[in-house]
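Notes follow once the structure below has been shown.
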Amino acid sequence: MRKIALAVTLTVTLALAMVGCANPQDKKTEQKGDPVKITYIHRLPDGEGMTKVADIVKRWNDANPGIQVTATKFDGKAQALAVKLETDIKANAGPCLAQLSYNEIPEMYVKGLLQDVTAEAKKYQKNYGGAFGQMTLAGKTTGLPQDSGPLVYLYDAKEFKALDIKVPTTLDEFKAAAAKAAAKGKYIAAFTPDETAYWLSAQTAAAGGVWYKTEGDKWKVNLDSLEAQKVAKFWQDMIDAKSVLTLDRWSDAYTKAIADGRLIGNLSAAWETGFALDGLDGTPREGQWRVAQIPDFGAGAKTGPDGGSGVAVMKGCAHPAEAMKFNDWFNTQVDDLATQGLVPAAVQPAKTPAKMARQFGGQDVRAVLAQANKNLSQDFIYIPGFSAVVPKTTETAAKVAAGNGKVADVFAAAKTSSFQALKSLGLPAI
Amino acid sequence: MSRNARHQALFGWLFAAPFAIGFLLVFVAPIIWAIRAAFFGSEAAEGGLYGGGARREVFVGFKNFAHAATNPGFWSGMGRVLAFGAIQIPVMILAALFLALLLDSFLVRRPGLWRLGYFLPFAIPGLIAAIVWTYLYLPELSPFAAALPDLDGIAFFLSPRLVLASMANITTWTYTGYNMLIFLAALQAIPHDLYEAARIDGASGWVIATKIKIPLVRGAALLAVLLSIIGTVQLFNEPTMIRTVATWMGNDYMPMLMAYNTLMGQISPSGMGPASAISILMAVVAGSLAVIYALVQRRIAR
């Protein structure tokens with residue numbers, strides 16, 4: 001008898017302990033008149049000298065006693081956040097709002113983790129530029145855009161002058177300038193394997209193409225397009241002529257190449273202006289760099305999207321209207337967001353932060369980035385499952401950089417893994 | 001059952017309860033859950049570009065296992081860990097045995113200090129050790145790597161030809177001291193009368209080490225090798241860290257990496273089901289290897 005009693009006690013303890021782990025978000029015990037509670041999880045850097053997210057949110061909370069927002073910073077990688085969100089939302093313990101990269105929006109939506117807030121979003125659409133489209137899937141809007149990453153060209157103006165080269169405006173000029181600089185041991189661009197998925201897709205967009213489009217109810221993987229081939233050939237020529245450095249973007253080698261003055265330019269995402277030159281602070285090279293539009297890839301004054309993110313409303317959020325109201329307010333605080341190194345997606349112009357002005361020799365960086373934002377391709381969309389395309393692309397590009405393969409292989413790898421990703425999600429592809 | 005016995009049984013259960021609860025919660029429950037997850041997958045709720053923006057969990061039988069078992073990426077990853085283990089485990093075990101014998105002999109002064117010194121790398125968290133070594137392999141940061149030539153266009157220690165050896169070096173550095181402790185504990189359990197008897201019979205230190213000590217630590221060696229085989233199949237910190245500076249490696253370079261990235265949505269098909277299936281397959285392979293080793297060992301010992 002005792003044994004049974006004990007076993008029961010143990011089981012009950014165990015069950016209680018397990019129940020204790022669950023943490024339902026929206027307890028249905030809210031009283032009328034209580035403030036609406038919104039939880040928001042973000043991945044903004046919150047670094048030194050930036051306007052902290054907590055401070056921005058506090059301003060909102062002070063002004064809006066009826067809608068109280070709790071912001072949490074997620075310190076891990078984007079993929080880790082995606083998995084956490086999936087687990088939490090399935091356990092009904094997810095946040096109301098989450099910062100997601102544009103390439104994650106389709107797969108999060110496919111997994112049923114995002115809410116359709118089209119009606120709410122329409123009210124705020126006028127405040128945002130082209131990135132609004134990245135939050136919209138087949139006519140359903142899931143949140144609001146936060147920042148965008150049009151490709152721009154960063155370069156060291158003083159070195160360019162010393163080498164007697166100008167900012168190239170066409171791909172042929174780019175090759176010629178790169179060859180001239182390389183003859184002196186300087187490089188005006190880097191082929192960065194770890195960024196290729198976003199970087200080459202953005203360039204394909206700049207050339208007027210897309211990696212993916214929709215045909216009726218099917219995905220069309222478009223990696224053999226003429227535009228894609230053009231981008232592949234351009235970098236193959238650059239690599240063959242040895243006029244480009246090959247190193248990972250997120251490596252110490254990259255930082256060192258800029259510090260040494262060996263790398264004097266690169267096609268970069270607009271958000272890189274927030275930190276790419278930090279290593280030059282206090283050195284003689286400080287303030288020499290400028291930002292310009294990328295060369296014409298064959299489609300005129302056009303650029304492509306390299307990264308950027310939005311704030312989406314997650315499934316299970318009990319107050320989507322209030323969440324969207326805060327979402328819009330937060331993403332139009334452009335000056336605060338600019339201090340975080342972002343290129344805000346809101347149309348309202350942001351001031352060039354002091355640090356940026358210093359690093360770019362007083363140039364009105366924001367004006368150039370705003371122009372790039374206007375030139376941004378509106379047609380580029382990501383497929384659900386793009387997260388699995390990125391690593392295969394990187395792996396192949398790293399082999400190309402080491403001299404074991406052609407740039408065209410990178411596009412081929414992206415094509416194969418795109419089909420695989422769509423197939424394993426059970427989505428129709430041609 | 002007498003009253004006293006019942007009393008004792010109750011106390012036994014009470015004392016075992018904290019462990020039993022922890023064991024069930026953090027060990028048994030996740031395993032059962034992973035096995036269940038491995039038999040499930042998800043499918044789009046509706047047709048269309050985004051599958052209707054919702055997914056359904058469906059029972060898929062052995063599909064996840066079939067996919068993992070027929071995936072060439074899984075087996076080439078398994079091949080890499082086996083090649084790794086085939087060289088690294090013997091080197092490490094022999095080095096650990098050698099160090100343990102040295103410390104157990106009378107050749108070394110202050111054995112406590114040496115013991116601590118050899119063990120110290122194990123006290124450093126595995127990931128930190130991997131980071132430190134990765135920095136030592138990276139030409140931009142390392143005091144010596146820049147002097148070595150690139151192989152196949154990639155930095156010396158990170159090149160396809162040497163990267164397994166670079167990882168094996170980290171593992172050996174970390175775990176030799178740990179395995180040495182296993183041997184040392186076994187050595188110190190040997191009754192000293194045996195040595196005395198041997199000396200009276202005229203045995204030298206060398207003979208005592210090879211004829212008495214080594215045969216008597218065979219059980220410890222079995223344990224050390226089994227733990228190492230399982231640890232090798234689960235190799236994760238080293239490839240994860242090195243991959244951040246050697247992007248050519250791909251995210252399925254080793255099975256554990258593959259399981260992790262499958263969960264993280266970085267390998268198709270992704271998700272809990274496929275990732276659980278890979279993990280279970282890994283456990284089966286590691287378990288089989290351990291059993292095979294133990295059987296072979298027993299046969300040789302006979």
Side-chain angles (χ1 to χ4, degrees), chain A residues 2-3 6-7 10 13-14 17-18 77 79-80 82-83 86-87 104 106-107 109-112 114 116 137-138 140 193-194 214 217-219 246 248 250-253 255-256 384-385 387-392 394-399 401-404 417 420-428, chain B residues 1 6-7 9-10 13-14 16-17 20-22 24-25 29 41-45 47-57 67 135 138-141 150-155 159-160 243-253 260-272 274:
Chain A
R2 279 261 179 95
K3 233 176 209 171
L6 194 67
L10 273 182
T13 321
L14 200 67
M18 277 177 153
K77 284 188 170 177
Q79 309 94 279
V83 174
E86 189 172 352
T87 320
E104 293 174 313
E107 58 204 39
Y109 181 70
V110 161
K111 286 181 181 166
L114 304 185
D116 174 5
L137 311 160
K140 289 184 176 140
D194 55 345
T214 58
D217 250 4
K218 289 197 169 78
W219 286 101
T246 51
D248 281 329
W250 310 111
S251 67
D252 297 296
T255 319
K256 192 159 177 268
S387 296
V389 177
V390 176
K392 275 288 158 215
T394 302
E395 186 184 337
T396 316
K399 286 172 183 154
N404 312 317
S417 50
Q420 254 172 9
L422 288 168
K423 188 175 159 248
S424 62
L425 284 168
L427 301 174
Chain B
M1 209 184 260
R6 274 214 304 266
H7 208 75
L10 176 68
W13 276 103
L14 275 179
I21 292 174
L24 285 174
L25 267 182
S42 69
E43 62 173 26
L49 292 169
Y50 297 98
R55 294 186 80 73
R56 272 197 292 269
E57 199 180 35
H67 195 276
Y135 284 164
L138 205 60
E140 285 78 27
L141 295 169
D150 285 3
L151 296 177
D152 305 323
I154 295 166
S159 67
R243 209 173 74 80
T244 60
V245 294
T247 36
W248 62 265
M249 279 167 64
N251 60 0
D252 54 358
Y253 194 73
Y260 176 79
N261 284 312
T262 298
L263 176 67
M264 288 292 160
Q266 306 257 298
I267 294 175
S268 326
S270 67
M272 205 60 88

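Numbers restart at 1 for each chain; the letters A, B, ... are given by sequence-line order, proteins then strands. In what follows, every heavy atom counts, from backbone to side chain, and hydrogens, waters and symmetry copies are set aside.
Looking at B:Asp150, there are no atoms closer than 4.5 Å to chain A (heavy atoms on both sides), in backbone or side chain. Contact of A:Asn404 with chain B is made through the side chain alone, with heavy-atom distances under 4.5 Å. For A:Lys423, no part lies near chain B; criterion is any non-hydrogen pair under 4.5 Å. Heavy atoms closer than 4.5 Å to chain B are found in the side chain of A:Lys256, but not in its backbone. For chain B, no part of A:Ser251 is nearby; none of its heavy atoms comes within less than 4.5 Å. Neither the backbone nor the side chain of B:Glu43 comes within contact range of chain A; no heavy atoms are under 4.5 Å apart.
Contact detail for B:Arg55 and A:Ser424: the closest heavy-atom pair is NH2-O, 4.4 Å.
In terms of non-hydrogen atom pairs under 4.5 Å with chain B, the most contact-rich of A:Asp194, A:Asp248, A:Thr396 is A:Asp248. With chain A as the partner, the residue from B:Leu49, B:Thr247, B:Thr262 showing the most heavy-atom pairs under 4.5 Å is B:Leu49. In terms of heavy-atom pairs under 4.5 angstrom with chain B, the leader among A:Ala82, A:Ala253, A:Ala421, A:Ser417 is A:Ala253. Interface summary for chain A: among B:Gly153, B:Ser268, B:Ser270, the most heavy-atom pairs under 4.5 angstrom belong to B:Ser268. Interface summary for chain B: among A:Thr87, A:Leu137, A:Thr394, the most heavy-atom pairs under 4.5 angstrom belong to A:Leu137. Residue with the most contacts toward chain A among B:Gly51, B:Ala246, B:Gly265, B:Gly52: B:Gly265 (heavy-atom pairs, distance under 4.5 Å). Ranked by heavy-atom pairs under 4.5 Å with chain B, the list A:Leu114, A:Val110, A:Leu427 is led by A:Val110.
With sequence neighbours left out, the ring-ring contact (aromatic ring centres under 6.0 Å, His included) criterion links B:Tyr253 to B:Trp248. With sequence neighbours excluded, no residue forms a salt bridge (charged side-chain N to carboxylate O under 4.0 Å, His left out) with B:Glu140.
Between A:Gln79 and B:Leu263, every side-chain heavy-atom pair lies at or beyond the 4.5 Å cut-off. Side-chain contact between B:Tyr50 and A:Pro106 is present, with heavy atoms from C-beta onward closer than 4.5 Å. Contact check for B:Ile267 versus A:Pro391: no side-chain heavy atoms found under the 4.5 Å cut-off. Taking the side chain as every heavy atom from C-beta outward, B:His67 and B:Pro269 approach each other to under 4.5 Å.
With salt bridges taken as basic N to acidic carboxylate O contacts below 4.0 Å, one links A:Glu395 and A:Lys399.
Panel note: side chain B:Asn261, backbone B:Asn251; a donor-acceptor pair is recorded below 3.5 Å.
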